[in-house]
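What you see is a predicted model, and the numbers here were worked out from it, not measured in a lab. In what follows, chains are A, B, ... by sequence order, proteins preceding strands, each numbered from 1. Just so it is clear, the values below take in all heavy atoms, side chains as well, and ignore hydrogens, waters and symmetry mates.
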Amino acid sequence: MAIILVLISLTFLAILLGALATYSSGDLFSLQRLVAGKNLLYLVRMGLSTAEARLLTKRWYAPASEGMFELTSPDGQGTIRVYVDDFVRIKPKTVNGTDYKLLDHIKVSVIATWRGDRMYGFGKFVISPEPIYDARGSTIGANPQNSIGADGNVKYTTTLRKLINIHILLPDEVAHIPGFVAIDQFASRKAMAQSVIPQQLRYAENYGRNLRLSQAIRRGFPSPASTTFTVAQVKDLLRRKDPAGVPTTNAAATPDAVNRLKNAFLMEVFSRFFMTTDWDISPEEKARKLEKIHVVIGTVPVKTTDPETRQAIGLAFPGHPIDVREGIDYWTTFTPENGRTAGAKYLAQRGYSPTAVPTEKPSLMAADLSEIQTANSYLIGWKGKMRFVYIGEEDPPPRPRPARWSITVRAGLSRS
Amino acid sequence: MTVTSRQLPRSGGGFTVIELVIGGMILSIIAAIAFRGMQFAGRSVRMQESIEVGARLRNASFQLSRDLALATEILLPNQAAIDFSPLLIYKNQVNEVVAVFLSPDGLARYNYNLDQTQTWLPQATQFQCRLGADGLIEYQVTVAAEKRTFTLRNFLSTYQSLP
């Protein structure tokens with residue numbers, strides 16, 4: 001009996017210990033996954049940031065077209081390998097009969113490992129204007145007007161350089177990329193870069209698509225009365241906040257609705273546009289930067305002051321010429337005021353409002369915004385009809401003599 | 001000296017009272033032990049189920065935290081508050097609008113742009129989130145299993161969002 005009791009106790013103890021071990025190992029595994037994911041994310045970001053910082057200095061690997069460097073995490077358990085690949089513009093720039101290659105962009109690929117786990121990163125280092133692609137490895141853009149000086153040296157100019165299109169990729173995502181074998185192979189890195197293009201397009205399309213919806217949600221969302229929702233309720237809440245009234249799915253959106261969303265996006269970008277190389281910028285800092293952005297109209301044509309011309313126009317077009325007046329009909333400069341950006345003021349002055357976004361094609365709206373009426377021009381077209389009459393005796397008897405000659409004038413008038 | 005013995009007459013296959021009492025006692029002990037063993041086994045199974053539920057809770061939290069780590073923007077809650085919100089809305093890695101909430105089917109993730117729903121955790125009984133003054137998004141998920149409740153809290157920095 002005692003043996004039986006001991007056996008049962010041992011069995012029970014084993015069950016308890018087994019359960020405890022399972023619980024502990026499950027907990028430990030989950031914790032390890034979380035820590036690994038977090039560390040790998042930081043390592044990938046560190047690799048991308050370091051690559052960007054180094055590329056801002058120069059292409060250290062020139063004259064080669066690709067470079068690589070490795071980093072180790074401070075605890076020694078993580079490693080980062082960064083690959084950079086130059087992509088040259090297909091069409092060279094010709095200066096004084098000499099063709100110069102231009103650097104289009106640099107692709108940055110990262111692999112981070114930590115305790116056997118991996119994570120990948122990708123970014124595109126863009127440069128504008130494009131630098132001359134030479135052995136010096138500069139990433140500073142060449143002056144577009146005067147790229148090469150008389151001394152044969154490159155003339156540099158202010159350049160925007162930034163790592164964009166950043167993507168973090170998990171091993172299972174990379175494993176499904178067609179043509180990807182190993183990141184140390186150029187073809188694999190190119191395949192990885194191509195694989196993120198659809199995602200980048202979705203990113204951009206959804207940004208425009210959801211801009212107004214996002215703003216509406218941020219501005220105010222009704223406090224949920226319940227702690228549990230059905231999917232239909234959440235869908236309805238979001239749809240009511242969707243100012244364009246677009247059906248839920250992208251595929252079901254009508255052309256007008258899509259145009260409206262794209263135009264809203266253009267208006268938003270125009271009214272809040274500024275250039276920066278900072279990744280993370282607070283809304284306050286953004287507002288401060290926008291206070292320094294002015295919209296300045298370029299050349300404004302001189303209005304007609306010649307009195308004879310004005311008289312002629314007045315005869316041809318009663319009530320004209322009408323002079324457009326700066327400050328009343330048009331403005332040459334827009335400045336931020338009371339929290340309104342210069343871009344927003346320009347849009348308002350042109351009759352564009354966030355509450356009445358046009359449904360015309362975005363290209364038409366952009367064209368309209370790109371030109372303003374600063375003057376009226378008048379075109380007077382003359383069309384003459386002449387009839388010549390013979391003067392003298394003739395047989396048969398001449399017809400009654402009209403005027404020696406006459407000219408019928410028909411003035412075709414137009415204003416543009 | 002003659003020794004005689006008197007044998008009791010034995011009928012075919014019977015037990016004495018003492019035998020029956022002892023046998024009954026042994027059977028009772030075995031039954032009690034078996035019963036306790038079954039109770040232990042049942043409790044062990046329930047513990048295993050609890051562990052399983054806990055693991056699912058952690059997995060759901062892992063999925064949500066990864067989603068949030070790659071999110072481009074948190075839309076709701078939109079300002080720091082002490083009170084929790086039962087609805088979390090954000091833009092995911094490709095700027096699709098996504099809502100996470102507790103539905104009758106469990107913890108749900110609804111993608112507005114794709115009109116797709118995923119149920120991450122059918123056993124979830126509560127979900128709430130809030131934005132801290134320090135920019136951290138905090139969420140809590142609770143599951144119930146066999147008279148036990150598990151709550152997982154996580155804090156994530158919203159400044160990790162990709163540009």
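For the atom pair B:Asn95 CG and A:Leu211 CG, the distance stands at 9.5 Å (nearest 0.5 Å). Interatomic distance, A:Ile217 CD1 to B:Leu76 CG, rounded to the nearest 0.5 Å: 7.5 Å. Put simply, CD on B:Gln93 and CG on A:Leu169 are 7.5 Å apart, with the number rounded to the nearest 0.5 Å.
Residues B:Thr72 and A:Tyr207 fail the side-chain proximity criterion, which asks for heavy atoms closer than 4.5 Å. Contact check for B:Pro104 versus A:Thr230: side-chain heavy atoms found under the 4.5 Å cut-off. B:Tyr112 is listed as a side-chain neighbour of A:Arg239, based on a closest heavy-atom distance under 4.5 Å. Within the 4.5 Å cutoff, the side chain of A:Leu213 has heavy atoms near those of the B:Val97 side chain. Here the side chains of A:Phe221 and B:Ser85 are not in contact, with every heavy-atom distance at 4.5 Å or above.
With a threshold of 4.5 angstrom between heavy atoms, B:Ser61 does not approach chain A through any atom at all. Residue contact with chain A, scored on non-hydrogen atoms closer than 4.5 Å, involves the side chain of B:Ile89 exclusively. Only the side chain of A:Leu237 has a heavy atom closer than 4.5 Å to any heavy atom of chain B.
For A:Lys107, the NZ atom sits in a packed shell: over 12 heavy atoms of surrounding residues, nucleotides or ligands are nearer than 6.0 Å.
In this structure, A:Asn210 contributes its side chain and B:Lys91 its backbone to no donor-acceptor pair below 3.5 Å. Looking at B:Asn78, its side chain does come within 3.5 Å of a backbone N or O of A:Arg218 through a donor-acceptor pair.
Nearest heavy atom pair, residue B:Pro86 against residue A:Ser226, reads CG-O, 3.3 Å. Here the closest heavy-atom approach between residue A:Phe229 and residue B:Phe101 is recorded as O-CE1, 3.6 Å.
Comparing B:Asp83, B:Asn92, B:Leu75, B:Leu87 by how many heavy-atom pairs each has under 4.5 Å with chain A, the most go to B:Leu75.
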If you look only at distance, which donor and acceptor atoms sit under 3.5 Å apart when one is on a side chain in residues 121-132 of chain B and the other is two or more places apart or in another chain?
| from | atom 1 | to | atom 2 | distance (Å) |
| --- | --- | --- | --- | --- |
| B:Thr125 | OG1 | B:Thr142 | O | 3.3 |
| B:Gln126 | OE1 | B:Thr142 | OG1 | 3.4 |
| B:Gln128 | NE2 | B:Gln140 | OE1 | 3.2 |
| B:Arg130 | NE | B:Glu138 | OE1 | 2.8 |
| B:Arg130 | NH1 | B:Ile82 | O | 2.7 |
| B:Arg130 | NH2 | B:Glu138 | OE1 | 3.2 |

